[in-house]
Amino acid sequence: MHYLFKILNSFIARISEFILLFSQVISLQIAFYPIVLLSLITNFNRLIRNKLTIIVVVFSFSIAVSIYLRGGEIELNLKLIQYYLGVLLVTVYFKINKKISIESWLIYGLVGLVFFEVISTNIFSNLPFFYDDPSKALYNLAIDQLGFARAQTGIGFYRAFGPALNSSISGSMLVVLFFILFDKRKDGVPMHLIVLVFSAFVLSASNTAVAVFLFMWIMHFLKKLQKRTIVSLVLSFIKFFSLGLIFLVFCLLLYFAIELLFGFSFLKNPFSVDSIIFVFNQKLYGLTHLVAEAENIFFGRNLSIEVNQQIGGDSQLFNMIQNLGLYGLFGLFSILFWVSEKGTRIYIIGGFIATMHYGALFSLAGQFFYAAVASNAIMRKSCLN
């Protein structure tokens, strides 16, 4: 009987992990927080003994008070805390559930989703998830056209949206996951899984993901330079340069294969320069706007003046500063940085860089993934097969 109960608990845990990562894809967003909260309640003794719980509660309460004092109603208060600080709640969930982990089967599912999307859109001209709501069949044509427009790259190739239903967020997650698995290869992570994750990152075709990749690659290279002799420094440089060259060749071969299979023109840059300049100017404008409102920059703007408060958008960190102030942003960063183990903090920084554009840390898939990263729960050693 005990054995059957153990199997049932394991099955429920695996189903919960699947729903939490893919809730946006399978339209079960409503189940996300109930799953997390139910798990916290059933582990109440461990929950109240955990230092992180106290810190998260105190910080979230201070944010709630700040929002209230700035004129935010209860509904807006809850939305802001859920969106910007939800990752902290999920981090507590991982910290008190040591058997919860993003294991290989879930990673295969993530990669499989990306490949399925690419095949569906590029071969069968069917947008499987994004803006495809059967209940609005009358408007599906226009809805799908908008989705295809967002998925199309400069070469005519339709990229994957991934579990976050956003190429930038999902692509950045895949980049971080790639480097985590690469670091864990000596712990038994198969090389073919690492290659599959990298391939999925390429198929996301996101400028944001590429920026995160370059940052992570440079940081890994600098990390290898510590406490090295001149000879080892030269060897490390050659090794990392060669590795980067191999990845570049791999990307080129993959895009050439796409060109041959689908007849796209490879000479067109898949990452439009105009698009990059537009995004850069957008961030510059957001920063200038923040400086212009310097009197509200520490705790956030007056929430009673603007009736329709925008949560999210294309410049998520700037939007967070507007609503929660630098206090909210630095508080979130400090808690995630503190709770993360020393070797995993670089991945949290990568998540914040990705959030400069879209909500890598704030989407439901992103909250689950980065909470796992902060908790070192990506293929935990205790859970490795």
Side-chain angles (χ1 to χ4, degrees), residues 23-24 29-30 32-33 36-37 52 55-92 164-166 168-169 172 208 279-339 348-371 374:
S23 63
Q24 293 176 256
Q29 296 95 323
I30 194 172
F32 188 91
Y33 291 109
V36 173
L37 292 173
L52 178 62
I55 293 174
V56 170
V57 169
V58 172
F59 176 64
S60 299
F61 180 75
S62 67
I63 289 293
V65 171
S66 170
I67 295 172
Y68 175 77
L69 292 177
R70 288 182 285 117
E73 297 181 355
I74 294 178
E75 183 180 357
L76 177 61
N77 206 319
L78 291 175
K79 285 183 179 180
L80 290 173
I81 291 177
Q82 169 265 312
Y83 185 71
Y84 294 117
L85 306 184
V87 64
L88 296 179
L89 179 68
V90 186
T91 301
V92 175
L165 298 183
N166 181 290
S168 296
I169 297 176
S172 300
T208 303
V279 171
F280 177 80
N281 288 333
Q282 190 181 48
K283 306 311 169 197
L284 186 60
Y285 171 78
L287 181 60
T288 304
H289 188 63
L290 279 179
V291 173
E293 297 182 339
E295 69 276 8
N296 301 321
I297 201 170
F298 188 75
F299 286 110
R301 59 188 173 183
N302 187 338
L303 298 174
S304 65
I305 297 177
E306 299 179 33
V307 179
N308 297 318
Q309 297 295 334
Q310 181 183 0
I311 301 176
D314 291 344
S315 301
Q316 299 272 317
L317 285 187
F318 294 150
N319 182 250
M320 181 183 185
I321 295 173
Q322 285 179 323
N323 290 320
L324 302 188
L326 289 175
Y327 170 71
L329 176 62
F330 289 150
L332 175 64
F333 179 81
S334 299
I335 294 174
L336 288 177
F337 207 74
W338 169 74
V339 77
I348 296 299
I349 297 175
F352 274 89
I353 291 176
T355 311
M356 285 287 294
H357 192 29
Y358 289 110
L361 289 166
F362 307 142
S363 69
L364 293 183
Q367 288 183 15
F368 179 73
F369 176 77
Y370 285 102

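Quick note: numbers below take in every heavy atom, side chains included, and nothing from hydrogens, waters or symmetry partners. As the structure is a prediction and not an experimental result, all values here were calculated from the model. When a residue number appears, it is its place in the shown sequence, counting from 1.
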What are the two closest heavy atoms between [X] and [Y], and how far apart are they?
{"X": "Ile81", "Y": "Ser60", "result": "CD1-O, 3.9 Å"}
{"X": "Asn77", "Y": "Tyr68", "result": "ND2-N, 3.9 Å"}
{"X": "Leu165", "Y": "Gln24", "result": "CD1-O, 3.4 Å"}
{"X": "Arg70", "Y": "Gly300", "result": "CD-O, 3.4 Å"}
{"X": "Gly359", "Y": "Gln316", "result": "N-CG, 3.0 Å"}
{"X": "Val90", "Y": "Phe368", "result": "CG1-CA, 4.0 Å"}

Note to self: My understanding is that only residues two or more places apart in sequence, or in another chain, count here; which of them pass side-chain hydrogen bond (donor to acceptor under 3.5 Å, both in side chains) with Ser23?
What the structure shows: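 If we apply the side-chain hydrogen bond (donor to acceptor under 3.5 Å, both in side chains) test to Ser23, skipping adjacent residues, there are no hits.
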Note to self: If the condition is side-chain hydrogen bond (donor to acceptor under 3.5 Å, both in side chains), which residues does Tyr33 pass it with, not counting sequence neighbours?
What the structure shows: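 Tyr33 satisfies side-chain hydrogen bond (donor to acceptor under 3.5 Å, both in side chains) with Gln82, Gln367 once adjacent residues are dropped.
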Notebook entry, point to check: Should the ring pair Tyr327 and Phe59 be called parallel, tilted or perpendicular, given that the plane angle runs from 0 to 90° and is split at 30 and 60?
Noted result: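 The arrangement is tilted - the two ring planes meet at 30° to 60°.
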Check: How are the rings of Tyr84 and Phe362 set relative to one another: parallel (under 30°), tilted (30 to 60°) or perpendicular (over 60°)?
Finding: perpendicular
Note to self: If you count every heavy atom of other residues, nucleotides or ligands that lies below 6.0 Å from Gln29 atom CD, does the total exceed 12?
What the structure shows: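 For Gln29, atom CD is crowded (more than 12 foreign heavy atoms under 6.0 Å).
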Next item on the list: Using a cut-off of 6.0 Å, state whether more than 12 heavy atoms not belonging to Ile74 lie near its atom CD1.
Entry: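 Open: at most 12 neighbouring heavy atoms sit under 6.0 Å from CD1 of Ile74.
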Any [X] side-chain heavy atom under 4.5 Å of [Y] side chain:
{"X": "Asn323", "Y": "Tyr83", "answer": "no"}
{"X": "Phe298", "Y": "Ser66", "answer": "no"}
{"X": "Met320", "Y": "Thr355", "answer": "no"}
{"X": "Val87", "Y": "Leu332", "answer": "yes"}
{"X": "Leu89", "Y": "Leu37", "answer": "yes"}

Find the distance between [atom1] ([X]) and [atom2] ([Y]) and round it off to the nearest 0.5 Å.
{"X": "Phe369", "Y": "Ile169", "atom1": "CZ", "atom2": "CD1", "answer": "12.5 Å"}
{"X": "Leu326", "Y": "Phe299", "atom1": "CG", "atom2": "CZ", "answer": "10.0 Å"}
{"X": "Leu324", "Y": "Ile63", "atom1": "CG", "atom2": "CD1", "answer": "5.0 Å"}
{"X": "Ile349", "Y": "Leu336", "atom1": "CD1", "atom2": "CG", "answer": "11.5 Å"}
{"X": "Gln322", "Y": "Ile297", "atom1": "CD", "atom2": "CD1", "answer": "9.5 Å"}
{"X": "Asn319", "Y": "Tyr358", "atom1": "CG", "atom2": "OH", "answer": "13.0 Å"}

Margin query: Once side chain to side chain contact (heavy atoms under 4.5 Å, CB included) is applied, do any residues pair with Leu52, and if so which ones, sequence neighbours excluded?
Written below: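 With sequence neighbours excluded, Leu52 shows a side chain to side chain contact (heavy atoms under 4.5 Å, CB included) to Asn50, Val56, Thr91, Val92, Lys95, Ile335, Trp338, Val339, given in chain and number order.
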